[in-house]
Amino acid sequence: MEVERVQAISKMSSCMDTIPSDYVRSENEQPAATTMQGVVLEVPVIDLGSADEENVVRLITEAAQEWGIFQVVNHGIPDEAIAKLQKVGKEFFELPQEEKEVIAKPEGYQGVEGYGTKLQKEVGGKKGWVDHLFHIIWPQSAVNYHFWPKNPPLYREANEEYAIALRGVADKLYEALSLGIGLERHELKEASGGDDLIYMLKINYYPPCPRPDLALGVVAHTDMSAITILVPNEVQGLQVYKDDHWYDVKYIPNALIIHIGDQIEIMSNGKYKSVYHRTTVNKDKTRMSWPVFLEPPPELLTGPISKLITDQNPAKFKTKKYKDYVYCKLNKLPQ
């Protein structure tokens with residue numbers, strides 16, 4: 001069955017002032033009506049290269065508890081590695097459509113890896129103004145190169161270089177989040193799968209939209225992952241829900257945006273909060289982002305860490321296999 005890609009719809013509607021009705025959000029979701037205008041939210045910015053580890057831990061802990069989102073600078077990933085990642089991702093989405101379809105998700109396929117448009121059950125039949133590409137970039141044993149583009153030629157090299165550099169950032173974040181709630185520095189990463197932790201890359205491609213006031217790129221959600229480490233391009237689009245309003249998040253060149261995901265909220269028994277966020281689209285420019293979701297392996301049981309559970313602080317979440325959590329979340333079923 002031919003799937004309609006948003007990139008194709010964008011090209012067809014570029015000279016119009018309308019978009020198909022299934023992309024028009026309900027009034028209480030429309031960005032024009034629900035965004036706090038004229039205010040850019042300056043979420044915490046943390047210098048990950050600071051020699052004062054105690055202070056870095058404190059800042060990350062506070063940001064993860066109060067915001068669920070922060071940005072990190074001096075993170076150790078070379079600017080060139082980020083630029084290469086962005087370049088090959090952009091080049092993939094600029095390929096002829098039939099070439100992208102080679103790695104599209106097969107009909108009836110239950111996984112998330114591959115090129116596609118729809119990800120989860122869409123409430124009220126409404127769609128997000130976005131196409132995407134998912135594939136695992138680490139660990140090597142979990143990588144399926146079938147879902148990696150062969151074109152552009154440097155795609156694999158750029159992604160592997162980024163994956164290696166990203167692991168150092170992930171370890172620092174995990175250690176700080178563990179220490180911040182009184183755990184040993186290795187415990188949150190161990191609870192997430194340790195060396196079997198899955199690094200799932202998603203490239204989001206939000207083409208120009210004639211009616212950005214009515215559409216959303218990705219609807220409001222929290223991430224299923226433990227931690228999300230995101231590289232944006234320079235086109236504004238990420239919004240966070242705070243104090244009953246939606247705010248644009250300030251873009252900082254070469255910073256990484258860190259989201260606390262559902263699994264860290266669950267493992268910390270609610271001490272950390274997963275961030276409620278969404279993405280808007282632009283009338284004239286293509287927005288792209290490169291989140292990497294740090295996910296437990298599918299069969300791993302995840303739940304509140306036992307040493308955080310007491311009579312005064314009972315478990316607030318169920319323990320279940322990560323794949324079962326994902327299934328419930330994507331199909332809008334109770335956890």
Side-chain angles (χ1 to χ4, degrees), residues 6-7 10-11 14 31-32 35-49 63 67 69-95 100 128-134 137 149 152 154-155 158-159 161-163 165-166 169 201-213 215-221 223 228-242 246-259 275 277-293:
V6 176
Q7 201 170 354
S10 169
K11 281 184 184 142
S14 60
T35 299
M36 199 68 162
Q37 302 297 336
V39 185
V40 174
L41 198 63
E42 300 207 17
V43 304
V45 178
I46 298 168
D47 180 351
L48 215 51
W67 292 77
I69 184 171
F70 51 96
Q71 303 201 48
V72 294
V73 294
N74 295 327
H75 41 69
I77 300 180
D79 293 352
E80 311 84 76
I82 291 175
K84 273 199 246 174
L85 176 83
Q86 292 177 305
K87 182 173 186 285
V88 294
K90 184 168 178 284
E91 286 171 352
F92 168 74
F93 277 93
E94 287 169 353
L95 290 173
K100 294 193 286 266
W129 192 265
V130 61
D131 294 325
H132 61 246
L133 172 63
F134 273 103
I137 57 171
L154 294 177
Y155 187 90
N159 277 264
E161 183 183 334
Y162 181 68
L166 193 64
V169 177
L201 171 75
K202 181 186 186 195
I203 307 178
N204 288 305
Y205 186 91
Y206 308 95
C209 176
R211 293 301 304 270
D213 54 324
L216 284 173
V218 176
V219 69
H221 67 289
D223 291 345
T228 303
I229 304 174
L230 181 143
V231 169
N233 74 350
E234 71 289 348
V235 180
Q236 185 69 52
L238 178 63
Q239 293 193 331
V240 164
Y241 194 69
K242 188 155 175 66
W246 285 104
Y247 292 90
D248 290 321
V249 173
K250 184 179 180 180
Y251 167 71
I252 300 173
N254 293 313
L256 300 173
I257 302 173
I258 313 300
H259 296 176
V275 63
H277 60 287
R278 69 181 187 185
T279 54
T280 59
V281 290
N282 189 285
K283 186 163 186 168
D284 309 304
K285 296 175 183 166
T286 295
R287 179 171 186 268
M288 293 185 72
S289 66
W290 289 257
V292 172
F293 303 102

- Task: Consider only side-chain N and O atoms of Thr279 and Gln239, and report whether a donor and an acceptor are under 3.5 Å apart.
- Result: no

- d(Glu42 CD, Ile252 CD1) to nearest 0.5 Å is 7.5 Å

- Look only at the side chain of Trp129 and the backbone of Pro207, and say whether a donor-acceptor pair between them is shorter than 3.5 Å. yes

- Task: Measure from NZ or CZ of Lys242 to the centre of the six-membered ring of Trp67, then state whether that distance is under 6.0 Å and the direction lies within 45° of the axis.
- Result: yes

- Task: Examine distances only and state if a side-chain atom of Gln86 and a backbone atom of Trp290 form a donor-acceptor pair shorter than 3.5 Å.
- Result: no

- Query: Taking the six-membered ring for Trp, are the ring centroids of Tyr241 and Trp246 within less than 6.0 Å of each other?
  - Reply: yes

- Query: Rounded to the nearest 0.5 Å, what separation is found between the CG atom of Asp248 and the CE atom of Met36?
  - Reply: 12.0 Å

- Item | Residues His132 and Asn204: side-chain donor-acceptor under 3.5 angstrom | no

- So, the side chain of Asn74 versus the backbone of Leu48: is there a donor-acceptor pair under 3.5 Å, distance only? no

- Between CG of Leu201 and CG of Leu85, what distance do you get to the nearest 0.5 Å? 6.5 Å

- Query: Taking atom CD of Glu161 and atom CD1 of Ile137, what is their separation to the nearest 0.5 Å?
  - Reply: 12.0 Å

- Return yes if some donor-acceptor pair links the side-chain N/O of Lys100 with the main-chain N/O of Leu95 below 3.5 Å, else return no. yes

- Inspect the contact between Glu91 and Lys87 and indicate whether a charged nitrogen and a carboxylate oxygen are less than 4.0 angstrom apart. yes

- Item | Reported CG-to-OH distance for the pair Leu133 and Tyr205, which is rounded to 0.5 angstrom | 13.0 Å

- Message: Quiz question: by atom type and distance under 3.5 Å, do the side chains of His75 and Asn254 form a donor-acceptor pair?
- Response: no

- Indicate yes or no for a side-chain donor-acceptor contact from Ser10 to the backbone of Cys209 under 3.5 Å, with no hydrogens or angles considered. no

- Flag, side chain of Thr280 to backbone of Gly237, donor-acceptor distance under 3.5 Å: yes

- Query: Going from CD on Glu234 to NZ on Lys285, what distance comes out if it is rounded to the nearest 0.5 angstrom?
  - Reply: 7.0 Å

